[in-house]
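Working notes, beginning with the structure itself.
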Amino acid sequence: MTSTDTHDGTQDPGPSGYAAARLRLLTEGGRAPPPPARPRGPPPPRRAALARLTDDWLTALFAAGAGRPRGTSLIAVGGYGRGELSPRSDLDLLLLHDGSDPGAVAALADRLWYPVWDLGIALDHSVRTPAEARRTAGEDLKVQLGLLDARHLAGDLGLTAALRTAVLADWRNQAPRRLPELQELCAERAERQGELQYLLEPDLKEARGGLRDATVLRAVAASWLADAPREGLADARRRLLDVRDALHLTTGRATDRLALQEQDQVAAELGLPDADALLRQVYEAARSIAYAGDVTWREVGRVLRSRAVRPRLRALIGGGRQNAERSPLAEGVVEQDGEAVLARAARPERDPVLPLRAAAAAAQAGLPLSLHAVRRLAATVRPLPTPWPAEAREQLVTLLGAGRPTVDVWEALEAEGLITRLLPEWERVRCRPQRNAVHVWTVDRHLIETAVRASAFTRRVHRPDLLLVAALLHDIGKGRPGDHSVAGETIVRDTAARIGFDRADAGVLAALVRHHLLLVETATRRDLDDPATVRAVADAVGTQSTLELLHALTEADALATGPAAWSSWRASLVADLVKRVSAALSGDVPAGPEEAAPTAEHERLALEAAATDAPVLSLRAQSEPPAELPGGPEPLGVELLIAVPDQAGVLPAVAGVLALHRLTVRTAELRTLELPEGVGGSVLLLDWRVAAEYGSLPQAARLRADLVRALDGTLDIAGRLAERDAAQPRRRSVLPPPARVTVAPAGSRLATVIEVRAQDAPGLLFRIGQALEAAGVWVRSAHASTLGANAVDAFYLSDRKGAPLPGEEAASVARKLEEALRA
């Protein structure tokens, strides 16, 4: 092909020939005809074809006429440099020269720029020497990023190659200083433009996850400091470019904003059924780019921190490579370099719960889940059985209850397809737009946001696990025909059974999903003074416990919708309705837990403890699946039975010893067992379910020995726990909702019931026991359970004479216990 040839076969280097060929290219369905002089094959995509057509035209302009100065070259930069031109893209051009003949260079510039302007094509141009180009790049990040994509068009190839080599070297040398600057600019742009994956009228280029971020990732890769996860990234970028091409063609304007009124036309141009399908494609692409950006910037930070620390380490230890410190988070999960990673001994192919355990551990620690860990899990982990094992359900609840860190961890799982493998129902709501202007999120992100909001309300409800799962699934029916609440009720009933909830809990979850709009719609649209209104809500809700959950879900849902969906006025109306419905349901007061008759094993241990006047215990793995417990999921871990002669300090002593041995308490029952006549006295019986935080269980003899020492005061539990906490590496922590301690009304005729709802943590029961001992009360019985990361405990207390505590004293004990847990 000669310098004057164009792709349509003409010999016209002027504006008219280029304009005609350009028009034909843009109106021939998106592809250019193959040039006759080239080998046969599939025609190039439109963007590349338009770039090649423009290359030929500009090359002809550069060569036309006499007196072309030596030591000059024409260079395409930016998007044009990458060989991509959308229909209305501007041309980014650099006329590079060696400075030997400024007058001739100026004439050449006029010969190049004026034909472009005559056609009305936007032009971003500059005329510089190599030194000027490098200096400008060093002062302006935008210029430097454009030069990283520099592509030679015409003239002195050596001049272009030298500049490219110098610019890349400058970029790599300056990367430790410039990349943090670039990251800050990206964050500021995201703050201004918002997130592409959630906006109804997004800017395809400037919003977070858009084309500008894709270009930034190329620049980071060119620095050799870090690289983006490449799987799916090129496809995501191509999809956004395709949408921008269609937007340019349908509007006839050089715009990057996908306005509502243009979305149907753009969808039709791309062969998509409607605007929702278009937005879903845009959101999926943006999510891939945004996630790649998160991973890349995290890696940049890790590398820069490592470079900053390494010289100091060399000075201290005389060189040598040091392994990064790894601290355990959960079974098979450790922290390393500020990320949650899989332990070296982890075997995902044998541990189907590991993805949820790793995700829960990462979210609770406020850490990102490493890309390598997620990809290894996605590639090797086996599917969970149906129904899920109890640990899987607990880990899901723990993940959902972690608050804001849940979002990033969930997105990491979703990026590798793990969420839809765990919850196939998620596919229909993933990246689904919401046309209601009140909503600020897509359906799937709204569901996660609702769980985040609900995590702040877990101290308000008796079943935080049901609240969090209902928050995750309350809009799961969207995307299906009919009322999404009705569709969601059916879906959730099946999903809850698969996750492993019993029939009663599945029914509560289904009711919460079916009626998640009931309270706010009734409170704002109906006469609350009409008894029929209150009765209708009471009939729909059914129980006080469901009403409590529905109230918390309603607020979480509204707060997660957007700022216009909740207000103090709406909150007061809903609270008034809940108060009235609660009064209508006042006969439904949950009774205190009933004590089961002691088993033969209980009696054997109690008699042995009485005979030896010392604690005895039995630690055994569960040999068969436990029976379903009314009102709650089956417990986890192994059974620990302890019998201790009745004395003060048993609860903190047992709880403290378990904390020292890194045993997590899943459920705990403490009660007094009166011994038969002839033996006399009473024994405290503890029936607990425990699990190792990580590693194997301790030997029972070791536990008993430490318990003896704790009871006689020779084991300083508080000191040992404080010493261990001080030795652990400090990590950024997730701030959970504060502990809440209340006196249960009408809890029991024989004792005062204190209810504690707090974040589960090592040593929590020890601290509670210490506070109750300090208050001088007698713990008649205790009923503790762990639901995800939430501890929900009830303590039946009396004074030393065995009578319930007076009202003021009970309130004082509750207040002091709450203060101790919040300290």
Side-chain angles (χ1 to χ4, degrees), residues 197 231-232 276-277 280-281 283-284 287-288 291 348-349 351-360 363 369 374-400 406-407 409-434 441-451 465-466 468-503 505-507 509-510 512-514 516 633:
Q197 60 180 310
E231 288 80 359
D276 277 2
R280 194 168 187 183
Q281 276 203 5
Y283 293 162
E284 287 174 342
R287 187 167 294 184
S288 296
Y291 175 66
E349 63 278 5
D351 185 0
V353 181
L354 186 55
L356 284 170
R357 190 187 311 120
L369 194 55
V374 181
R375 288 189 169 168
R376 184 180 169 198
L377 290 168
T380 60
V381 77
R382 293 186 293 112
L384 284 167
T386 301
W388 289 6
E391 187 198 356
R393 184 178 60 252
E394 287 287 316
Q395 297 295 351
L396 174 64
V397 172
T398 302
L399 169 61
L400 297 177
T406 299
V407 176
V409 174
W410 190 273
E411 288 179 349
L413 296 177
E414 191 167 42
E416 300 301 326
L418 282 167
I419 293 300
T420 49
R421 284 159 63 177
L422 291 167
L423 299 170
E425 304 84 357
W426 198 258
E427 180 60 33
R428 280 182 175 263
V429 299
R430 188 175 60 82
C431 293
R432 180 169 291 279
Q434 305 206 73
W441 307 112
T442 52
V443 177
D444 56 341
R445 175 59 192 276
H446 168 71
L447 292 174
I448 294 301
E449 191 71 19
T450 305
D465 56 332
L466 296 182
L468 292 168
V469 174
L472 178 71
L473 300 176
H474 73 278
D475 276 346
I476 201 70
K478 287 189 173 178
R480 296 175 186 262
D483 186 333
H484 76 279
S485 299
V486 176
E489 178 184 15
T490 302
I491 296 169
V492 167
R493 198 179 295 275
D494 294 339
T495 303
R498 190 177 72 252
I499 289 175
F501 286 103
D502 62 29
R503 183 175 298 177
D505 285 347
L509 287 168
L512 292 172
V513 171
R514 174 67 179 86
H516 70 271

Original post:
Charged N to carboxylate O under 4.0 angstrom, Glu425 versus Arg498?
Top reply: yes
Original post:
Is a side-chain N or O of Arg382 found less than 3.5 angstrom from the main chain of Glu349, in a donor-acceptor match?
Top reply: yes
**OP:** Any chance you could measure Asp505, atom CG, to Leu466, atom CG, to the nearest 0.5 Å?
**Re:** 4.5 Å
Original post:
Hey, are the side chains of Ile448 and Trp441 touching, using non-hydrogen atoms and a 4.5 Å cut-off?
Top reply: no
Original post:
For the atom pair CD (Glu284) and SG (Cys431), what is the distance rounded to the nearest 0.5 Å?
Top reply: 4.5 Å
**OP:** Please report the shortest heavy-atom distance between Phe501 and Ala506, naming the atom on each side.
**Re:** CB-N, 4.3 Å
Original post:
Quick one: OG1 on Thr386 to CD1 on Ile499, what's the gap to the nearest 0.5 Å?
Top reply: 10.5 Å
**OP:** Decide yes or no for Leu472 and Trp426: does some side-chain heavy atom of the first lie under 4.5 Å from some side-chain heavy atom of the second?
**Re:** yes
Subject >> Candidate pair Leu422 and Leu356, rule side chain to side chain contact (heavy atoms under 4.5 Å, CB included), full reasoning >> reply: CA-CA 9 Å; Leu422 291 167; Leu356 284 170; 3.9 Å; yes
**OP:** Measure the spacing between CG of Leu377 and CZ of Arg357 and express it to the nearest 0.5 Å.
**Re:** 10.0 Å
Original post:
Taking the side chain as C-beta and beyond, is there a heavy-atom pair between Arg375 and Glu231 under 4.5 Å?
Top reply: yes
Original post:
What is the distance from atom CG of Leu468 to atom CG of Leu473, rounded to the nearest 0.5 Å?
Top reply: 11.0 Å
Original post:
Quick one: does Thr406's side chain have a donor or acceptor within less than 3.5 Å of a partner on Leu399's backbone?
Top reply: yes
Original post:
Going by heavy atoms in the side chains, are His516 and Asp475 under 4.5 Å from each other?
Top reply: yes
Subject >> Val353 side chain reached by Pro389 side chain, heavy atoms, under 4.5 Å >> reply: yes
Subject >> Exercise: identify the closest heavy-atom pair between Gly488 and Val513 >> reply: C-CG1, 3.6 Å
Original post:
Which heavy atom of Ala470 sits nearest a heavy atom of Leu512, and at what distance?
Top reply: CB-CD1, 3.7 Å
Original post:
Just one of Arg432, Gln434, His474 clears the side chain to side chain donor-acceptor pair (under 3.5 Å) bar with His446, so which one?
Top reply: His474
Original post:
Any idea which heavy atoms bring Leu384 and Pro352 closest together, and the distance?
Top reply: CD2-O, 3.5 Å
**OP:** Using a 4.5 Å cut-off on heavy atoms from C-beta on, say whether the side chain of Arg445 contacts that of Thr442.
**Re:** yes
**OP:** For Gly500 and Pro387, work out which heavy atoms get closest and say how close.
**Re:** CA-CB, 3.9 Å
Original post:
Taking the side chain as C-beta and beyond, is there a heavy-atom pair between Arg393 and Asp465 under 4.5 Å?
Top reply: no
Original post:
Does a side-chain N-to-carboxylate-O contact under 4.0 Å join Asp444 and Arg287?
Top reply: yes
**OP:** Determine the minimum heavy-atom distance between Leu413 and Ala359, stating which atoms define it.
**Re:** CD1-CB, 3.7 Å
Subject >> Nearest-0.5 Å distance that lies between atom CD in Glu416 and atom CZ in Arg376 >> reply: 14.5 Å
Subject >> Residue pair Asp276 / Arg280, side-chain heavy-atom distance below 4.5 Å >> reply: no
